[in-house]
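Predicted, not measured: the structure shown is a model, and the values here were computed from it. Protein chains get the first letters and strands the later ones, always in sequence-line order, with residue 1 at the start of each.
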Amino acid sequence: VTLLEISDLVLDVDETGRRRPVARADVVAKLRVAGDSRGARVAGRLPTLPDGMLDPDGVDAVLLRCHLQLQRLSEELQQGQRAAEVLSPLLAALRAAGTPRPRLVDVGCGLGQVLRWLSWHRPVGEVELVGCDLNAGMISAATALATNEALDCRFVHGDAFALPGAAEVVISTGFLHHLRGEDLVHVLSRQTQARAVVHWDIAPGPLTGLGARVFHWARMREPLARHDGVVSALRAHSDTTLVAALRQGLPEKVVLVLDAAPRRNPLIAVLRPVLALDPDLVEPFLAGCPPHLRRRLSRPA
Amino acid sequence: VIALGLAVLLLLDGCFSGFRASAGRDGRVDKRAFARRACLEGTVAGLGAFALLTAGCLVALGTGTPYAAFTHAGTGMLAVFVPYGLIVLAALAGWVLFRPLALQTLMSTLVLGPFTLIRPLIVVVGCAVGLARSDSDVVGGILVLSCVLVLAVEPLLLRCRPPQVPPTLPSWTVMSR
């Protein structure tokens with residue numbers, strides 16, 4: 001069985017962020033060919049226009065419900081706090097190095113829950129928060145949510161690496177596993193201008209598949225969210241793959257892993273970040289980390 | 001004491017059902033008021049179930065069903081529900097009170113997630129144990145009704161609740177049913 005996420009198949013955008021029509025039958029066929037009959041059934045219920053093409057508004061509605069449920073899971077697992085504990089010393093190091101208000105860009109931000117959490121709680125000090133996503137529906141919802149709570153962050157539809165002005169920090173959550181092989185290296189190689197890159201993704205381990213099934217069935221209601229949540233966990237990249245991709249895509253940077261395998265506790269390190277920092281940032285960053293965080297960071301061989 | 005214990009569990013379960021029915025519907029960061037209202041709605045739904053079951057018990061008692069038949073069944077149900085409830089409450093207290101992220105995550109991964117998943121099974125098993133300990137058809141009927149009502153609270157709230165995301169979001173963000 002080839003592991004495919006339905007959300008990757010239903011959204012096809014060109015490099016300018018414009019959406020191309022997608023036929024539901026094609027999505028269903030791809031899932032069937034991949035041996036995923038359950039996924040094919042879920043995709044077969046997605047709303048279509050009279051010509052058989054997926055209804056963009058209907059698909060956005062489904063994806064938005066999925067992301068709202070994903071946010072609920074992210075809140076339970078305290079992803080905002082997890083991000084803050086790493087970003088706080090990192091941004092402090094950047095400020096000390098002469099950037100008073102670093103720009104932090106969240107790639108594939110979805111509803112932007114991490115940025116909105118950071119903006120609401122302000123645990124990381126002065127920072128410019130920008131979220132990017134290729135899905136215009138997500139960006140419009142993220143903007144509406146940020147406006148509703150008067151949050152100091154903004155969301156941009158389009159290519160995160162084509163924004164005017166460079167980002168000092170690039171982050172993502174649950175994004176890297178969507179990229180495979182050369183695509184993974186290519187996307188990472190587009191982040192060379194950033195001083196620091198921090199990507200959180202599902203930490204694969206012996207309990208990942210079971211845990212993903214339990215949590216997505218207990219916490220999600222949308223069939224697509226349940227399906228994609230489990231598939232995401234099953235195709236999460238190993239530390240080795242991510243470290244190799246980071247070294248290939250960002251050869252000038254120093255790679256660090258938090259809660260690296262095999263010391264990782266699978267019940268606690270559900271999402272773990274991989275970091276790639278400019279060499280001059282490493283020592284100030286590590287010096288600013290609290291001891292418990294420093295102990296969990298390692299430089300892979 | 002048995003009736004009181006079951007009533008408290010029913011209302012707590014209603015409250016948590018309300019919270020679960022609201023979860024994943026509001027994208028805002030600060031959803032304390034939203035969650036409070038959801039818990040209140042769940043508790044009210046639990047109260048409705050409690051009123052129905054109390055009325056059923058009173059009618060049964062009035063028509064000659066012995067009180068002991070209820071206490072027998074109730075004791076069996078509590079033997080299942082109380083350990084489950086205590087574990088969940090302890091994990092919830094741990095999640096709320098402990099600061100280290102690792103401990104909070106452990107509460108979620110070990111207890112809160114899996115125990116949410118097995119909750120319907122626990123309700124059915126508890127009622128089945130009560131049924132096994134009761135030789136009264138009337139009590140059996142009330143036990144089946146209680147099982148259905150407890151399991152119906154969350155889906156009912158899901159269906160009844162209007163969209164609760166901020167009004168600036170499109171109306172289609174209402175949960176699918």
Side-chain angles (χ1 to χ4, degrees), chain A residues 57-58 60-62 64-73 75-78 80-82 85 111-113 116-121 137 140-149 151 207 210-211 213-225 259 265-271 292 296, chain B residues 16 19-35 38 88 91-92 94-96 98-121 154-155 157-159 161 163-177:
Chain A
D57 289 342
D60 277 355
V62 173
L64 183 49
R65 291 196 293 268
C66 292
H67 276 261
L68 283 168
Q69 291 163 34
L70 191 62
Q71 176 173 335
R72 180 252 187 282
L73 197 57
E75 284 161 355
E76 181 171 346
L77 297 173
Q78 313 228 50
Q81 273 169 275
R82 285 171 192 274
E85 76 173 349
L111 283 179
Q113 64 260 33
R116 289 187 291 109
W117 191 94
L118 291 173
S119 179
W120 172 268
H121 292 278
S140 122
T143 304
L145 285 162
T147 306
N148 185 275
E149 294 189 295
L151 300 176
L207 298 176
L210 176 67
R213 282 187 179 87
V214 167
F215 268 86
H216 286 90
W217 279 91
R219 301 290 188 236
M220 307 290 203
R221 296 199 173 87
E222 199 64 46
L224 192 151
D259 297 323
N265 180 338
L267 290 169
I268 294 171
V270 183
L271 291 166
H292 71 88
R296 290 160 51 209
Chain B
F16 293 145
F19 178 80
R20 283 195 305 275
S22 77
R25 294 178 139 230
D26 184 340
R28 288 172 293 190
V29 177
D30 181 13
K31 43 176 81 73
R32 285 170 296 184
F34 180 73
V88 172
L92 201 59
W95 197 94
V96 173
F98 291 154
R99 292 295 296 163
L101 274 175
L103 276 172
Q104 290 177 314
T105 309
L106 208 56
M107 296 297 132
S108 278
T109 52
L110 276 182
V111 182
L112 297 175
F115 274 53
T116 303
L117 200 63
I118 63 166
R119 173 184 159 272
L121 182 69
E154 190 178 339
L157 289 171
L158 265 175
R159 284 178 179 275
R161 286 173 70 84
Q164 291 290 331
V165 285
T168 41
L169 283 183
S171 60
W172 41 252
T173 50
V174 61
M175 283 288 302
S176 66
R177 291 170 182 174

If the condition is salt bridge (Lys or Arg N to Asp or Glu O under 4.0 Å), which residues does B/Arg119 pass it with, not counting sequence neighbours? B/Asp13
Quick check: closest heavy atoms across A/Phe215 and B/Ser108, and the distance to 0.1 Å? CZ-O, 3.0 Å
Grab the two heavy atoms, one from A/Ala218 and one from B/Gly113, that are nearest each other, plus how far apart they are. CB-O, 3.6 Å
In this structure, CZ of A/Arg221 is separated from CZ of B/Arg25 (nearest 0.5 Å) by 7.5 Å
What's the spacing between A/Gln81 CD and B/Gln104 CD if we round to 0.5 Å? 6.0 Å
What's the spacing between A/Asn265 CG and B/Leu106 CG if we round to 0.5 Å? 7.0 Å
Enter the distance from A/Leu267:CG to B/Thr105:OG1 here, rounded to the nearest 0.5 Å. 10.0 Å
Looking only at heavy atoms, what is the nearest atom pair of A/Leu145 and B/Gly27, with distance? CD2-C, 3.5 Å
Counting only non-hydrogen atoms closer than 4.5 Å, does A/His121 touch chain B with its backbone (N, CA, C, O), its side chain (CB onward), both, or neither? side chain
Engaged part of B/Ile118 at the chain A interface, taking heavy atoms whose separation is under 4.5 Å: neither
Okay, A/Trp120 and chain B: the region with an atom under 4.5 Å from a heavy atom over there is side chain
Between A/Arg116, A/Glu75, A/Gln71, A/Gln78, the one whose heavy-atom pairs under 4.5 Å with chain B are most numerous: A/Gln78
Straight-line distance of B/Met107 CE to A/Glu76 CD, nearest 0.5 Å: 12.0 Å
Point-to-point distance, once rounded to the nearest 0.5 Å, from CZ of A/Arg219 to CG of B/Leu112: 6.5 Å
With chain A, the option among B/Leu110, B/Thr116, B/Leu103 that has the most non-hydrogen atom pairs under 4.5 Å is B/Thr116
Pick from A/Gln113, A/Met220, A/Arg82 with the largest number of heavy-atom pairs that fall under 4.5 Å of chain B: A/Arg82
Any donor-acceptor pair under 3.5 Å from A/Glu149 side chain to B/Arg28 backbone: no
